[in-house]
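Report on the following structure.
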Amino acid sequence: MGLSKKLMTQLFTNLVRAYHFDELFARRLTRGELIGFYHPAAGHYAPGVAAGTVLEKEDYMWPHHRAHGVPHMLSKGCDIKYFLAEHTGKETGCCSGRTSWHWSYPEFGIFGMTGFIGGGFSQMVGYGWAAQKNGRKQVAMSCTGDGSFNNGRAHESMLMASNWKLPIIFLCENNGWAIHSRIEDMHPTEDIASLAPGLNIPAAIVDGQDVFACAEALQEAVKRARKGDGPTLIEAKTVRWREHDIGTPDLDGYRQRTKEELEALHDRDPLKIATQQVLETKLLTQAQIDKIHEDALAECDACEKFADESAIAEPTVEELRASVYAD
Amino acid sequence: MGLSKKLMTQLFTNLVRAYHFDELFARRLTRGELIGFYHPAAGHYAPGVAAGTVLEKEDYMWPHHRAHGVPHMLSKGCDIKYFLAEHTGKETGCCSGRTSWHWSYPEFGIFGMTGFIGGGFSQMVGYGWAAQKNGRKQVAMSCTGDGSFNNGRAHESMLMASNWKLPIIFLCENNGWAIHSRIEDMHPTEDIASLAPGLNIPAAIVDGQDVFACAEALQEAVKRARKGDGPTLIEAKTVRWREHDIGTPDLDGYRQRTKEELEALHDRDPLKIATQQVLETKLLTQAQIDKIHEDALAECDACEKFADESAIAEPTVEELRASVYAD
Amino acid sequence: MVQMTYVEAIKSAIQEEMRADDSVFMVGQDIRGAIYPHSKGLVEEFGEDRIVDTPMSEFGMFGTAFGAAMTGEYRPIVDFMFAACSFCAGETLMVQLGQQYFLHGSQTPVPMVILGACGTGKRLANDHSYIPRAEILHRPGLKYVFPSTPADAKGLMASAIRDNNPVFFLYHYDLLMDKGEVPEGQYYIPLGETEVKREGTDITVLANGLMYKHAMEVAEKLEGEINVEVLDPRSFEPFDLDTLLASLEKTNHLVIVDEDHARCGFAAEVMAQVFEKGFDLLDAPIERVCIENMPIPGGYMEPTVVPTPEKVEAAIRRVLA
Amino acid sequence: MVQMTYVEAIKSAIQEEMRADDSVFMVGQDIRGAIYPHSKGLVEEFGEDRIVDTPMSEFGMFGTAFGAAMTGEYRPIVDFMFAACSFCAGETLMVQLGQQYFLHGSQTPVPMVILGACGTGKRLANDHSYIPRAEILHRPGLKYVFPSTPADAKGLMASAIRDNNPVFFLYHYDLLMDKGEVPEGQYYIPLGETEVKREGTDITVLANGLMYKHAMEVAEKLEGEINVEVLDPRSFEPFDLDTLLASLEKTNHLVIVDEDHARCGFAAEVMAQVFEKGFDLLDAPIERVCIENMPIPGGYMEPTVVPTPEKVEAAIRRVLA
Ligand SMILES: Cc1ncc(C[n+]2csc(CCOP(=O)(O)OP(=O)(O)O)c2C)c(N)n1
Ligand SMILES: Cc1ncc(C[n+]2csc(CCOP(=O)(O)OP(=O)(O)O)c2C)c(N)n1
Ligand SMILES: [Mg+2]
Ligand SMILES: [Mg+2]
């Protein structure tokens, strides 16, 4: 395996953190302690964790909306308490409580998001362009779902990245679904990666349930990008154990997803797989693993405490008017 | 060759007509006898002629803006006098003189156009959808340039056509240029056709200077579509002997296109190639060919006469107001 | 008359029209599974050929409807899920759609409905809560309706489907479960009829959608003190100014409430038209109560920037002061 | 002061700013070859790294500028060739661009210029002649300027590039070759200053771009008979109402000429603002002279639907009647 022990430990730790944060966000949404909606990871943790972990702080990133980007952001080093505060409408939120669910961590190369899927592909070209020109060997990581590759923005973004050999990694987190729609009905080939040759982009397909496999492929792609060899498309095959967003029926078209299908998806639990790997390779002991879980839970608690104790964001209209434009 | 003699004669005749009409439009624009602009075919005649000729009247079509769709439309059976009248601002114009350069031949499955390249890809899906559902075995032909395939609309249109096996033929008229931009700088692979496998669409590359080769490939694709086997991408490699639109400098990036390059492009003149073919295969005699040219020139004259003698379209504002909405 | 909710009324119009006319079909994302409830059960009744799910390809999805409409054989409904998603279809929707018929010699009608849900209240910020309105009204060739009640929902949707032009039918999340009396069977509200929803003599409030509810709430509250007439345009294009002018003959005072940004909005347009056609009818300047000229924030600050019953009441009092 | 054309003035501002600031770059289609003349010669001076040609991928092209601007290291100019092409970037331009800064906590400025040519006169019909205006003004967070003269062209472009927000800088085909005096070196016109371009006492005409020329033509013609004051907003957002109100204090009459569709247009917005802030200043209703609410036809019928000097004069006479 081409991953250092340090990186593997980080990946494992971030995976555990992503898992616990996903539980936290899902629980809070269900209890009415989170504003808006929540699109749970529910099995779909590893690609985002890998993407965030292999990057440097100053690299650019577009996190995926799945799990509201938390796996990606926490792995990149962002403190999730600001995002949770945002998601609960607090003054301390990463967008000053103005969105309920948008991220913004400019120091980490994460500038915001949009509710329009595919919207990130467009600005990704600009991140890549900036990264290429500024000479600091930054890269830009685009994390989006399988469904987003059916959008024309994906085509334009990959095409321009390829033309200009921009340092962009296109990570397709393919969980096989877009809301109620099976990828088989929405995308004409088996793999999203099949788009890459037509755009002269190298591609790889990896097991999205294996965080180490994801990281290896992504690390390779990041290396290529930093060397100036251009973009890569990485397709990580992952799963979605639950409904698209909490509370929405979990349908296959217009019929309930079957129990059998859902159960089968649990065969490959990214946390179990990673745990087995770190134990087998003796990277970590059970005691160390337990400690990682404990720390993650403590971090979750601290974030909740921070968010819950922060004041509600209720600026005056004058304050808001004064912040529409930058000086 | 899989083409009937009748079809070959039609193709040759339409090619001759397209050539003379292109000269006519170019001449009129230069003389100020045409409103707006004109994007001459200048070597780029054959794909459009083939596309129009292999279709039935009731098939749907999106003509290419190159030569303002005239090769396509005349080959499909449209009387060009209405288009010329439109292009000269006359009451008898195919859009009642409201556009100066848009086409509209609804009885021929040609419903209009737009100045935004790529705009046709979108509605093409609807034509294909209608053609598939109405059970009359219609097909829809999309004719656009190489440049348009860099637009996301192309991706979405081909993807949906592939998913639904719509009877659409995507003809890429690849003349190697988009205004001043070389395809090599704008598209990351050698062929536009390389996009097709990633979308599970069969594709073929043909010599766009050989009208018979184009027609053969397109006829095959039309057959597939009528049988219900779905879309095909046909890439016809053609040339552009002149500037993008008349009066614009003929640049390669920001330098003049070289004489040598332009001269080399003339090596493969579609009219010469076709003439040689019809003579060699004894499809037509020189006398017959001469007659075809004569008839085409007479047709051009008649169109000009019609347009020039038609009244200028100057409706009252009340008349215009009354025609914004359909009843 | 039957009691039904606003969303049931929308669906009921779609059902009636689809039963009556095979050429009506619906295309959108996850509409078979009814990600938004107006399409619930439609695929079971009409089948997958007429309730069509597409990939997340807004240009292709929109084009499916646009192209099919032009062939003259179909009357499509394109469902953008949340209404602002319609902007994802770019110039095909914003420019081509409205000009197609007129520019090409008024030969090829484009009978289609553009459907989307929107409105503030969910606190999800601009993308999801924004109501596309003035941008659409500004583009010529596009009709636009927005229902305030279940009966409006049914009657406007049915008329939108029957219309031979592109009609935007947008509806409000927050009204979905509102109940009301709705005529049974096919029922049409002609496009372009402002409705006097509540009679009054002191002041006219022009309001629609959730704002209509705010206006009614304020009118009830002020009952006895100020006699508020509430008008609902229902159809923003075509817009029936005459009914408004008739109301102003009586009240001589006007407040316009619009759940849209003020700048270059519908409220400004109505003010301009009243300026042009009813200048002498007014005893005081018109007030408009709109969304602040800023992207709609989510979280707890939505009420700070969108019209509320309190703001409507204050405007009424200022105009009458 | 030097004499130069409107298009030279645009270019000169771009050059000055690019010389002064390495972070300014330009991205568009066929701009190296200057398919529209404002970029002629720029690639020779600034190189291919800063004058960047893209494929016909409007989302990617727009995103190059949008993304680069957000990184804080670049001040891009994105050139859409003809201005309506900007709609091809769909919701990224219409929704994301204006909300990006504010929604995300006012942390990440988006300093960029959106450039495009437009205007009637070429008879090419709606797509090419249409001036995107009210749709942009309606979307919060976007600034918008449009020059009428060479000096405006230079000063507004320079300020647009220096601004830390997205600024639409659109210009008119028909003014390209107009000549005028232009200050040498760096020259800035602050955004949001209506200019009194011609003093008068009887009536105020607010007009911009080609319409400004029409207004001046009419003012000269009426000289002696009617004393017309001509105001040019230059910047539509931010818009300086105060200068207009000051003018109305004097003239008490207003005609607004706008080369845009009337419905929900800038003219309506100004009428609304005057209603709100200057109701008592007016001796007669305002008239707006705008494009008819229909897609702009090409051919010979353009003058029938767009404002002409004759229509402006008629409006002035009606208002003063
Ligand atoms: C432009 C746009 N179209 C549709 C939607 C509604 N929508 C939200 S998430 C989603 C599916 C996304 O699927 P995918 O990209 O595979 O990501 P996943 O949720 O499966 O992780 C859709 C259709 C949207 N938000 N934006
Ligand atoms: C959306 C859009 N972008 C840009 C343009 C300007 N434009 C007109 S034709 C053209 C190039 C077209 O190239 P191609 O598709 O290869 O067709 P060709 O003209 O070479 O036949 C461009 C960029 C446009 N009309 N619409
Ligand atoms: Mg998915
Ligand atoms: Mg080309």
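Keep in mind that this is a model prediction, so the values were computed, not measured. Labels below follow one simple rule: chain letters A, B, ... track the order of the sequence lines, proteins then strands, and each chain is numbered from 1.
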Minimal heavy-atom distance between D/Leu124 and B/Trp101, with the atoms involved, is O-NE1, 2.9 Å
With a 4.5 Å limit on heavy-atom distance, are the side chains of D/Met294 and B/Arg321 in contact? yes
State, yes or no, whether a side-chain contact exists between B/Phe149 and D/Met56 at a heavy-atom distance under 4.5 Å. no
Sort B/His102 into side chain, backbone, both or neither according to what part of it lies under 4.5 angstrom from a heavy atom of chain D. side chain
Does the B/Thr99 side chain pair with the main chain of D/Ala125, one donor and one acceptor, at a distance under 3.5 Å? no
At a heavy-atom distance under 4.5 Å, which candidate from B/Thr248, B/Ile117, B/Ile183 has the highest pair count against chain D? B/Ile117
Where do D/Cys88 and B/Phe116 come nearest, in terms of heavy atoms and distance? SG-CD2, 3.8 Å
Measure the CD-NE2 distance between D/Gln29 and B/His180 for me, rounded to the nearest 0.5 Å. 12.0 Å
Where on B/Ile35 is there a heavy atom nearer than 4.5 Å to chain D: the side chain, the backbone, both, or neither? side chain
Would you check if D/Asp53 and B/Asp185 make a side-chain contact, meaning some heavy-atom pair closer than 4.5 Å? no
Are a donor atom and an acceptor atom from the side chains of D/Ser57 and B/Asn151 found within less than 3.5 Å of each other? no
Of all of D/Asp30, D/Val43, D/Ile296, which one pairs up most often with chain B through heavy atoms under 4.5 Å apart? D/Asp30
Atom CZ of B/Arg255: over 12 foreign heavy atoms under 6.0 Å: no
Turns out that what part of D/Asn293 lies under 4.5 Å from chain B's heavy atoms comes down to backbone
Sort out for me which of D/Arg32, D/Met61, D/Arg123, D/Met301 touches chain B most, counting heavy-atom pairs under 4.5 Å. D/Met301
Rounded to the nearest 0.5 Å, what's the gap from OH on D/Tyr300 to OG1 on B/Thr88? Could you check? 7.0 Å
Chain B contact via D/Phe87 - side chain, backbone, both or neither, heavy atoms under 4.5 Å: neither
Please look at B/Ser122 and chain D and tell me whether the side chain, the backbone, both or neither of the residue comes under 4.5 angstrom of a heavy atom of that chain. neither
Nearest heavy atoms of D/Thr304 and B/Val317, plus distance in Å: CG2-N, 3.6 Å
Please state whether the side chain, the backbone, both or neither of D/Glu58 comes within less than 4.5 Å of a heavy atom of chain B. both
Heavy-atom proximity to chain D below 4.5 Å, by part of B/Leu251: side chain
Below 4.5 Å, heavy-atom pairs only: which of D/Lys40, D/Glu48, D/Glu302 has the largest tally toward chain B? D/Glu48
At a heavy-atom separation under 4.5 Å, does B/Ser181 approach chain D through its side chain, its backbone, both, or neither? both
Assert top hit (heavy-atom pairs under 4.5 Å, partner chain D, pool B/Pro315, B/Gly152, B/Pro249) equals B/Pro315
Whatever's closer than 4.5 Å to a heavy atom in chain B on D/Ser129 counts as neither
Heavy-atom donor-acceptor pair, D/Asp127 side chain to B/Thr114 backbone, under 3.5 Å: no
Output field: ring centroids B/Phe37/D/His128 closer than 6.0 Å: yes
For residues B/Ser100 and D/Gly299, report the shortest heavy-atom separation together with the two atoms involved. CB-N, 3.9 Å
